Each structure stands twice: as C-alpha cells, then as structure tokens.
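Notes to accompany the following structure.
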Amino acid sequence: TQPLLKTEGLEVHFPVRAGFFGQRRSTIKAVDGVDLTLALGETLGLVGESGSGKTTTGRAIMRLERPTGGRVVFDGRPVQDVSEREFRKFRRQFQIVFQDPYSSLDPRMTVRSIIAEPMVVAGVGDRASRVARVNELLSLVGLETSHGDRYPHALSGGQRQRVGIARALALNPQLLILDEPVSALDVSLQAQIVNLLKDIQQELGLAYLFISHDLSVVRQMCDRVAIIYLGRIVETGPLAEIFDNPSHPYTQALLSAVPIENPKQRGMSNRIVLRGDAASPSNPPSGCHFHPRCFRAEEICSKESPALRDLDGTDHSAACHFAGPKTVLPQA
Ligand code: SF4
C-alpha cells in the first residue's frame, strides 16, 4: 500500500554568517537528506538530541520551513507542487501538536475558541456545527464540556496539552506531527497523554510522526523508529528491532541510558558514555558525522560517509561501516 507520508532526500540548509564580524559565509545543514515513510494508523518515532534536525524535519513536512532539497509526498502528491492557495486546504490533512502547552495556547482565548479557531480560519461549518464539533472534541480528549469556557491559565499542564490535541484534530487530519508532546509534563501526566494519543489513533486511524528525545516514551508509543544525528538518519527500523538489536553505535549509546528492568536481556549491562557533545551542523565532522564521539570508530570513519543500508531485509537499516544483521553490542 502507498504510504500516507514520504520524505525523499529532504534537505533544509540555512545560509549563515560565521566569524567574529560575520565575514564568513557558511551553511547549516539542519536536515541533510532524510528519507522517511509513514502509513495510516502507524506511529513513527523520530528520535534525536536537541539540534539533531528532528523538529526542523517536522516543520519542513508542515511547510513551516521551506525545504532546500528533496521532497515531501503526502498521499501520493508532492507537497511542493501544491500552490500556496490550495495548500491551505491541503494542510488540513496534517496538523502539528507542539511541545509546550503553556506557550502554544493564546491566554486571552477560551478553550472553546482555541479549539474552534482552525475551523473559523478555514471557514468550515456554521456557528452551531462548530459548537457541536468543539463539544465532541472536548469529550474525545477527555475534557468536560465545562472546560470549554475556561482560559488556559485555569487548566493543568496535562489539560492544556489535551486542548492542543483537540485543536489539532478540529479539521479531521490524517496525520499528526507530535513535536515532543509530553516532554514538558511530569511522568504520570506523560503516561496519560500517551494513552490518550494511542486511544485517539485507534479510534480515528491517524498516522503519527512522534518527534522525541526520550526513548522511554518512544518505546510506549511507536511502531517504527528513525534515529537522527546531525541532520541524517543513522538507523531506522521496527521498534522491537531498534530496542533489541540496535546496530548503530549512536543508537546503542542512547539505549544504554534508558532504564529497563533487565539490561542483560539486550546484552547491554553498562551505560555507554559518549565523548563530547554533538558537533555543530554548520561544521559537521568529515566522513561519518558521529566519528569523533564513536567508541567503535576506525580510520575509514573519518574519511568515508556510510550510507544508510538495509541490514537483514526486515526494514532495519543503519548508516555505519560496521553495522551488520547481528551487531555485537559493546560491553562498556
Ligand atoms: Fe562509528 Fe564508524 Fe560506524 Fe560512524 S561508521 S558509527 S564512526 S563505527
């Protein structure tokens, strides 16, 4: 079946001026050739540290950031072929939920007007049908009708994120881009919102692109995972493959920091501590971008950039010269 969303070689490069007086021109390759696919009813986790390009990828899919290369194909149609005028209608099919429920809701608007706003802007329905739709959405996200008359400051963090989700659902989208939707919440609220998102997905059959730095939440939420480092996908595959048989050293390091009941089960008894911080995307290391931090790096790694390649025909791929179907996990 045709995927609902596809990115092919997606690039977002920003020109910047560097140097003390801004005399040097350089390019930040925030997203550097990203291929993703996502089907209806499926959740793909896009996982990386801050500055990895994960949020810019989501924004480029939404056309909030203009791609400088590659393309986004939604429901078989290249998004860049859609005219600005038509795009407003087209965009109804994919919506975004932001990380911070505190700043993404207008404090001067009631919850009811916040949720109705996308319908008002898109000119959908009359007043009575919008009122009915808002009540339906409040109930879908587990809020009372009476919450509709409140202002965001009178709601808890979890309730505000429910409002953000209801607003994103107002126009019946097929795809939700969830940009760190639970990272501003405490752990018990995180679980409630994750469960809510899963219930909504089951009921409406939506596709989710779940952007996160937190693999514990990704494990609860996703069907497939793509790990991004300095603008490039370094490993992608079904959730179980990524968690049980991580093949890229970066994925292994990220996973080694995730608390699990029995770490020996996955052959990783110790935490892998990476050297240094990620490099700047304006000046990425040569060859494999990860090589200055990699505990497995060899000479070839600083010279040749590894391509993302299929490991074992199970939709599991990694971009590492030494990744294979049964990568031996390091005992740090
Ligand atoms: Fe590490 Fe080399 Fe693999 Fe890059 S290619 S992840 S540096 S071993």
Side-chain angles (χ1 to χ4, degrees), residues 7 9-11 13 27-36 44-54 56-57 70 211-215 218-219 222 224-258 263 266-332:
T7 70
L10 187 66
E11 283 180 3
H13 294 179
T27 305
I28 293 189
K29 297 181 176 178
V31 180
D32 197 21
V34 164
D35 295 341
L36 299 173
L44 172 68
L46 183 59
V47 179
E49 296 166 290
S50 92
S52 59
K54 58 189 192 305
T56 311
T57 302
I211 297 172
S212 180
H213 69 282
D214 184 346
L215 278 166
V218 166
R219 185 167 48 185
C222 299
R224 287 191 301 119
V225 180
I227 309 282
I228 185 167
Y229 186 80
L230 283 183
R232 293 182 182 170
I233 302 296
V234 295
E235 184 160 6
T236 179
L239 183 84
E241 276 292 306
I242 297 292
F243 274 78
D244 297 344
N245 188 26
S247 288
H248 195 283
Y250 180 57
T251 314
Q252 292 169 3
L254 291 180
L255 275 170
S256 77
V258 178
R266 64 168 187 230
M268 224 184 285
S269 52
N270 287 314
R271 179 159 182 189
I272 301 165
V273 180
L274 293 175
R275 291 174 282 191
D277 297 322
S280 159
S282 67
N283 188 20
S286 59
C288 173
H289 286 354
F290 186 56
H291 85 260
R293 302 174 80 192
C294 184
F295 51 89
R296 293 190 69 203
E298 295 191 19
E299 212 185 324
I300 185 179
C301 301
S302 59
K303 296 187 175 134
E304 281 180 34
S305 175
L308 189 66
R309 58 191 169 82
D310 185 37
L311 298 180
D312 48 14
T314 58
D315 190 27
H316 184 186
S317 309
C320 170
H321 293 303
F322 306 109
K326 287 278 170 257
T327 306
V328 179
L329 296 172
Q331 299 294 314

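Positions are given from 1 along the sequence. In each ligand, atom 1 is the first atom listed, and ligand 1 is the first ligand listed. Every value quoted in this text rests on a predicted model; they were computed, and no experiment measured them.
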Going by atom types only, do Glu235 and His248 share a side-chain donor-acceptor pair under 3.5 Å?
no
Which atoms from ligand 1 have a heavy atom of His248 less than 4.0 Å away?
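Answer, ordered by atom number: 6 (S).
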Heavy-atom contacts with Arg296 under 4.0 Å: which atoms of ligand 1 show up? List them by number with element.
8 (S)
Can you tell me which residue and heavy atom of the protein come closest to [atom], and the distance to 0.1 Å?
atom                    : answer
atom 3 (Fe) of ligand 1 : Cys320 SG, 2.3 Å
atom 1 (Fe) of ligand 1 : Cys294 SG, 2.3 Å
atom 8 (S) of ligand 1  : Phe322 CD1, 3.4 Å
atom 4 (Fe) of ligand 1 : Cys288 SG, 2.3 Å
atom 2 (Fe) of ligand 1 : Cys301 SG, 2.2 Å

Between Tyr229 and Phe290, how do the two ring planes meet: parallel, tilted or perpendicular, split at 30° and 60°?
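Rings of Tyr229 and Phe290: perpendicular, as their planes differ by over 60°.
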Quick one, Ser247 and Cys320 - any side-chain contact, counting heavy atoms below 4.5 Å?
no
Under a 4.5 Å cut-off applied to non-hydrogen side-chain atoms, are His213 and Glu49 in contact?
no
Exercise: identify the closest heavy-atom pair between Leu230 and Pro281:
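Nearest pair, atom of Leu230 first, then Pro281: CD2-N, 4.0 Å.
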Applying side-chain contact (heavy atoms from CB on, under 4.5 Å) between Leu46 and each of Ile233, Val225, Thr236, report the one that passes.
Ile233
